[in-house]
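Since the structure comes first, as structure tokens, the remarks are kept for the end.
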Amino acid sequence: MYQSTTYTLHLRVFLGLFLFVSLIGSAQPPKYYPAGEIKLALKKMNILGSALYMAAHPDDENTAMLAWLAKDRLVRTSYLAITRGDGGQNLIGSEQSELIGLIRTQELLQARRVDGAEQYFTRGNDFGFSKSTEEALQIWDKEKVLADVVWVIRNLKPDVIITRFPPTAQAGHGHHSASAVLAEEAFVAAADPKRYPEQLKYVQPWQVKRLVWNAFTPNFTNDPPPGGNYVMAPLGNYNNLLGKSYTEIAGESRSMHKSQGFGSARSRGQRNDYLQHKLGEQAQSDIFDGVDLSWKRVKGSETVAALLQKAYQTFDAENPAASVPSLLEAYRAMEKLPQQDYYVQQKKKELTEIIVACTGLSYEGNTVSYAGTPGQSLRFYANVVKRSDVPVLWKSVQLLNTPKDSTIGKELKNNEALNLPISLTIPKEIQYTQPYWLANPPAKGMYTVNDQLLIGKPEATPQLTAAFHFQIQGIDFTLNRPISYKWVDPVQGELYRPFEVRPAVMINLDEKSIVFPATEAKTLGVLLKAGAGAVKGELRLEVPKGWKVSPEKLSFDLAKAEAEQKVAFVITPPANASEGTLKAVAKLADGQEISLGLRTIDYDHIPVQTLFPVAQAKVIRLDVRTAGKNIAYLMGAGDDVPTALRQMGYSVTMLTANELKADVTEWQRFDAIVLGVRAFNTEERLKYYQPKLMQYVENGGVVLVQYIVNRGVVTDEIGPYPFELSRDRVTVEEATVTFLKPQHPLLNTPNKITAKDFEGWIQERGLYFAQKWDSRYEVLLSCADPGEKPQDGGLLVANYGKGRFIYTGYAFFRQLPGGVPGAYRLFANLLAPVNGSVK
Ligand SMILES: [Zn+2]
């Protein structure tokens, strides 16, 4: 008889922090196991190695290199991105900063599902473009980010570290060069027990064999980089078991970066990359020179090695189940090895997956609704089928971390699908389902994560996970599968989304910031939504000192899950300038107070993501005067400036195709026409309508153009006179702004602009400033990043005919939605009619 052994969760949690508990991630369909992939996985069982690729952002990584390492060299391959790419642009929707970081995290996970690597992060966040390593390391908390890199190295024990960038300015972005600097420092620190000794409670120091740079090849050719000292990596090789080359896989992987518009070709043919020596023992001909990639790394593993070698050689693609007895024998032999050994843990996990694949076993736990609240009862369906004659006993299924076990005790018959309803209660003390790094408000440059065991992980392990207990030919296995909601969409077919634990009630405010240009009160709409059942209570708004709200509280009564109720409060600002935060608080019948909203991110290429942000809004009583009333807005790549203008009291007309076609005299009803960010990059029709805009200026109108990316401009004619755009930006948002023409009306009426109006700006001063301009333009402001020459091209003004043309690179599109008072005051001046009356 076979000896019964248990593959327990607890062992893995304590021994291998970075071993994912589940074989399949959240909200994914069960994996398919074609015979070619099983054969490749069997080959990989005989290779013991680890490689870590490092860069700064999602989309920096060389997906061909990752695919080659994971699927040709068959080592454990990981990509460590310092940040989640929060500062990136969003080409598919309106999410910004930490929300775009969340989307890009999921895009990376999708990319890794294609190229076979794993994904890790530090707590550093992408605070926007950075010109130097020094700035990047200062705004990130360098010690903390370095600690995180060391932590990831000590967990993954890589034999080689490969950096995407050099530590020099050649890297092109301060985050990029800083990622290489961190990699080089961590190479040394990870091996030093005196560095970050608090980590040694969980991990051991680790000496990486070598660090290399994935050097830039001249003009993307196959030619070696200058400087020698490299080994070559043939990334264009073809994998017969997969029917793809690594560069084809790379194209599919890279195309997951959809929010960045990085759809990529599946390139075919030779592709050589070069790994240039930096630290450690230099490689002579191969990146793993001097590294023993065999089972000799684990003492006493001769039997295991022989069994796995035989399993690989005797694998029958038409009958994978025939391999199960010898694989189970290897598994039992592995259980006799030291269980805390890194490779024993890693390979046991891989072998478990191969055994499941060869057995033809599929298992999942799906709910009939996609959300529940703590304490609520929950029914899910345990779905199991086995497609082979391998004897499998389904012993039980339970909700992970809960004591109750649903005993099944059923021998599975070949291809008999079982679908059993299981009733459970969601634990009362469970946390809501949301990204762990967003549970606390982010600081500039860093996310706050206090649990050491979460650091590095791309996402939290789903809390609601079904643990399936099977016995395969006498050996016990526990296979975990996050509980998902599964449904069939008439267009897209079968879909999955993570099951969510939600608050009992969610409160969404209509506005994130509310601007009061005068003392008049404003109404704030609030939408209440029931989490997963009936809920009632009272809602109140907590406002800053000096502000008033009525009514004091409102009662709500939501009859069932998803029910909504709209209420409104009237907010009265104080007489003088004031800023603060208001917060909505729901008090339930049982005394519980909830102050969270609901934000869902739903795109086809990633699993649905949900957040429960604090239900709060910024309120600003501005000291601002405006001139003019009617503004026309032509949207470019997308921004929230029109909402901010409406809050200031302007009437805003969005320029539609029809409005564009109208005769220019019809535009004279507008006091100003504003072009959204990158309109001259994204709006082809500006090629034809730019002369009409100039005609409008000549007749007395004001045209204000926000920043334009200097490449891919739809026309060379932008203003009435020539000017040349650059890539120049001022990234330090505190950079001193000098007034070049302090007496100019735009700096004095209707609002007197002072240095104070440049306080409290966010992310950056501006971008894509002009670098040369016709002498008929006036420049009003100048600023510079530390150590750089002053940039004068951020605000260009020309009087033309009876009107005025303005180009600005100053980042109003960030400051206005962010509620920065000075930006409102300056923008009001820019929009003022040339001879207008002031309100
Ligand atoms: Zn980057």
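Every number for a ligand or one of its atoms is a count from 1 in the order of the listing.
- Of the N and O atoms on the side chains of D728 and Q771, not one donor lies less than 3.5 Å from an acceptor on the other residue.
- The Zn ion (ligand 1) has no N, O or S atom of H175 under 2.8 Å away, backbone or side chain.
- T808 places a side-chain N or O within 3.5 Å of a backbone atom of G794 that can act as its donor or acceptor partner.
- In summary, H176 places an N/O/S atom under 2.8 Å from the Zn ion (ligand 1), meeting the contact criterion.
- In terms of heavy atoms, G124 sits closest to W140 at CA-CD1, 4.2 Å.
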Before you tell me yes or no, could you show the steps for V709 and Y768 under side-chain contact (heavy atoms from CB on, under 4.5 Å), namely the whole-Å CA-CA distance, both residues' side-chain angles and the distance that decides it to 0.1 Å? CA-CA 6 Å; V709 174; Y768 295 98; 3.8 Å; yes

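- Taking the Zn ion (ligand 1) as reference, D60 places its N/O/S atom OD1 nearest.
- The Zn ion (ligand 1) does not have D59 among its coordinating residues (no N/O/S atom, backbone or side chain, under 2.8 Å).
- For H57, the N, O or S atom closest to the Zn ion (ligand 1) goes by the atom name ND1.
- Under a 3.5 Å cut-off, the side chain of R814 and the backbone N or O of Q763 do not form any donor-acceptor pair.
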